Amino acid sequence: MGSWVLLAVLLGFLAGAARGSEPWSNGTQVYSTNANSGSGSNGAFVALALIQSAAAKGAVCLDGSLPGYHLHRGSGSGSNNWLVNLEGGGWCNDVKSCVFRKGSRRGSSNHMERQLQFTGIMSNRPEENPDFYNWNRVKVRYCDGGSFTGDGADAASGLYFRGQRIWQAAMDDLMAQGMHSASQALLSGCSAGGASAILHCDEFRGMFPSNTRVKCLADAGMFLDSVDIAGRREMRDLFNGIVRLQGSGRSLPRSCTSHMDKTSCFFPQNVLPNIQTPTFILNTAYDVWQLQESLAPRTADPRGLWQSCKQNYASCNSNQLQFLNGFRNEMLNAVKGFSGSGQNGVFINSCFAHCQSERQDTWYSSNSPRLGNKRIAEAVGDWFFERGNAKYTDCAYPCDGTCHHLVFKGRHL
């Protein structure tokens, strides 16, 4: 594989596994990827706009500040098309973790960057984003800690759980900005934002006339209700805390809650079978976030037997790979019925990674991951514009030589 050229520092929070503001929430991490050169982006930097009308609707971040988004206007043939991206970044599932979170950009617009660079599917450059570069592209900032689903508050702690109201306020504002007359619209998101895209997909579809082409893309949003290495269900405990604390159940799709408990309906795998809107699932079969935080969290691995495997896929032993292949099979089974529908798309590659649509090196570059000789951007474009096959499932690790695996160094995982 190529030399490691991409180095980044992830400033994780110390609020506990899966509860901080970043995907890797347990300390400063340095990661590298085995990508070759050419992974950078020249995408535009886009300013943050706060939603001034949100306060009157009670649509506020965890700390009571205004929510916001970054909008880069489309042009030419894309001027009447809209791509709405829901930001990801973990969750908070108890008062302690939410209080910690409200002092960060994931819980307060007071701490958000005033500009963000749009890369990958958000890029405004055709050589980086061939199908969506000239669309109206929006990143809705994530500051509620509940995948845009909560509706409640904790007055004693000064916490507002208003994710559902933020979602609605953002959509109302974008409609007023011209999205109401969109010819085509795509709702997307990565990680917790990918889960949000699934949970809100049919709701998004319902905002437009029937003759508008509306679809949804969920990147790294398939958080599975899996058993960890100690036999516990870490993700179920986490999601149950979110649903109970934030009052999310009222906002979850009724197509699921009509026959399953609310916590189960926070899992995208239980929403997919009844989703009506054409949807594309982009995920790695060996999702490193789930490996680190759900399958082998520190609470389940007190002796640190999985530490090396979690930091570097090449260090996983045969028993660990066997366990991870079981997770891969769960992932494939979770989308099996969904992928049978002609309107849906799937791209599940056997990489140790997390989020591939917003990173330039994995979305569309000379050495991006491929399945069926299609880069992710090409597969998603083929699906959205109905140009051809959009069902791609990888063979098991280590067969795929195009992966951009993530390797971690830093604090104990």
Side-chain angles (χ1 to χ4, degrees), residues 86 88 121 147 186-202 204-205 215-227 233 235-236 239 252-253 255-256 259-260 264-291 294-295 323-357 362 369-372 374 376-384 386 388-397 399-400 403:
L86 302 178
I121 194 172
S147 281
L186 175 62
L187 180 68
S188 75
C190 156
S191 193
S196 301
I198 293 174
L199 296 177
H200 288 287
C201 182
D202 282 343
F204 185 69
R205 161 71 269 186
K215 300 187 179 185
C216 303
L217 164 65
D219 178 9
M222 285 294 291
F223 298 95
L224 300 183
D225 190 6
S226 299
V227 175
R233 293 185 181 271
M235 288 304 297
R236 176 161 284 271
F239 284 176
L252 298 174
S255 60
C256 181
H259 66 280
M260 298 186 78
S264 293
C265 293
F266 207 92
F267 284 95
Q269 69 192 86
N270 296 324
V271 175
L272 279 184
N274 295 303
I275 205 163
Q276 299 298 307
T277 308
T279 300
F280 193 104
I281 297 298
L282 167 61
N283 231 98
T284 57
Y286 305 92
D287 185 288
V288 291
W289 189 96
Q290 293 187 70
L291 167 57
S294 171
L295 299 177
F323 182 87
L324 294 176
N325 278 324
F327 176 77
R328 171 182 176 268
N329 291 335
E330 280 189 68
M331 180 74 70
L332 296 178
N333 287 333
V335 301
K336 188 175 182 180
F338 163 87
S339 64
S341 170
Q343 70 176 8
N344 297 326
V346 172
F347 191 105
I348 298 181
N349 51 352
S350 292
C351 307
F352 285 79
H354 182 74
C355 288
Q356 300 179 96
S357 64
T362 48
R370 295 173 186 258
L371 289 179
K374 292 281 187 178
I376 294 169
E378 295 167 326
V380 171
D382 287 350
W383 160 77
F384 188 90
E386 299 167 8
N389 177 57
K391 307 284 200 312
Y392 299 94
T393 302
D394 213 349
C395 45
Y397 172 83
C399 72
D400 190 340
C403 286

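Predicted model only: the values in this text are computed from it and were never measured.
- With hydrogens and angles left out, the side-chain atoms of Asn349 and Gln356 include a donor and acceptor closer than 3.5 Å.
- For the pair Ser191/Cys355, a side-chain contact is recorded, criterion being any heavy-atom separation below 4.5 Å from C-beta on.
- For the atom pair NZ of Lys391 and CZ of Phe280, the computed distance is 9.0 Å after rounding to the nearest 0.5 Å.
- To the nearest 0.5 Å, atom OG of residue Ser294 and atom CZ of residue Phe239 are 8.5 Å apart.
- Considering Val271, Ile275, Leu86 in turn, Val271 is the only one that fulfils the side-chain contact (heavy atoms from CB on, under 4.5 Å) rule with Leu199.
- Ring geometry for Phe352 versus Tyr397: interplanar angle over 60°, hence perpendicular rather than tilted (30 to 60°).
- Taking every heavy atom of both residues into account, Gln269 and Leu224 meet most closely at OE1-CA, 3.1 Å.
- Note that OG of Ser350 is 8.0 Å distant from CG of Leu371, once rounded to the nearest 0.5 Å.
- No side-chain heavy atom of Asp394 sits less than 4.5 Å from a side-chain heavy atom of Ile348.
- Taken to the nearest 0.5 Å, the CZ atom of Phe347 stands 13.5 Å off from the CD1 atom of Ile281.
- No donor-acceptor pair under 3.5 Å is formed between the side chain of Ser341 and the backbone N or O of Ser339.
- Within the 4.5 Å cutoff, side-chain heavy atoms of Arg233 are placed close to those of Asp225.
- Rounding to the nearest 0.5 angstrom, the gap separating the OG1 atom in Thr393 from the NZ atom in Lys336 is 11.0 Å.
- Expressed to the nearest 0.5 Å, how far CD of Gln290 lies from CE of Met222 amounts to 8.5 Å.
- In this structure, His259 and Asn274 have side chains that are in contact, with non-hydrogen atoms separated by less than 4.5 Å.
- With contacts defined as side-chain heavy-atom distances shorter than 4.5 Å, the pair Tyr392/Arg370 does not qualify.
- Residues Ala390 and Ala379 approach most closely at CB-O, 4.3 Å, considering heavy atoms.
- Closest of all the heavy-atom pairs between Asn270 and Ser264 is ND2-O, 2.8 Å.
- Listed for the Trp383 side chain is no donor-acceptor partner under 3.5 Å among the backbone atoms of Glu378.
- Residues Ser357 and Asp219 bring a donor and an acceptor atom of their side chains to less than 3.5 Å of each other.
- Two residues are said to be in side-chain contact when any heavy atoms from C-beta on lie closer than 4.5 Å; Leu291 and Asp287 fail this criterion.
- A donor-acceptor pair shorter than 3.5 Å cannot be found between the side chains of His354 and Thr284.
- Each of Phe327, Trp289, Phe266 was compared with Phe223 under the ring pair (Phe, Tyr, Trp, His ring centres under 6.0 Å) criterion, and only Trp289 meets it.
- The minimum heavy-atom distance between Ala396 and Asn325, with the atom names listed, is CB-OD1, 4.0 Å.
- Nearest heavy-atom pair, Lys374 versus Asp382, reported as atom, atom and distance to 0.1 Å: NZ-OD2, 3.0 Å.
- Leu186 and Phe204 make their closest contact through C-CE2, 4.1 Å (heavy atoms, listed as atom of the first residue, atom of the second, distance).
- Annotation: side chain of Met331 is in contact with side chain of Asn283 (closest heavy-atom distance under 4.5 Å).
- Side-chain contact between Leu187 and Leu217: absent, with no pair of heavy atoms (C-beta onward) separated by less than 4.5 Å.
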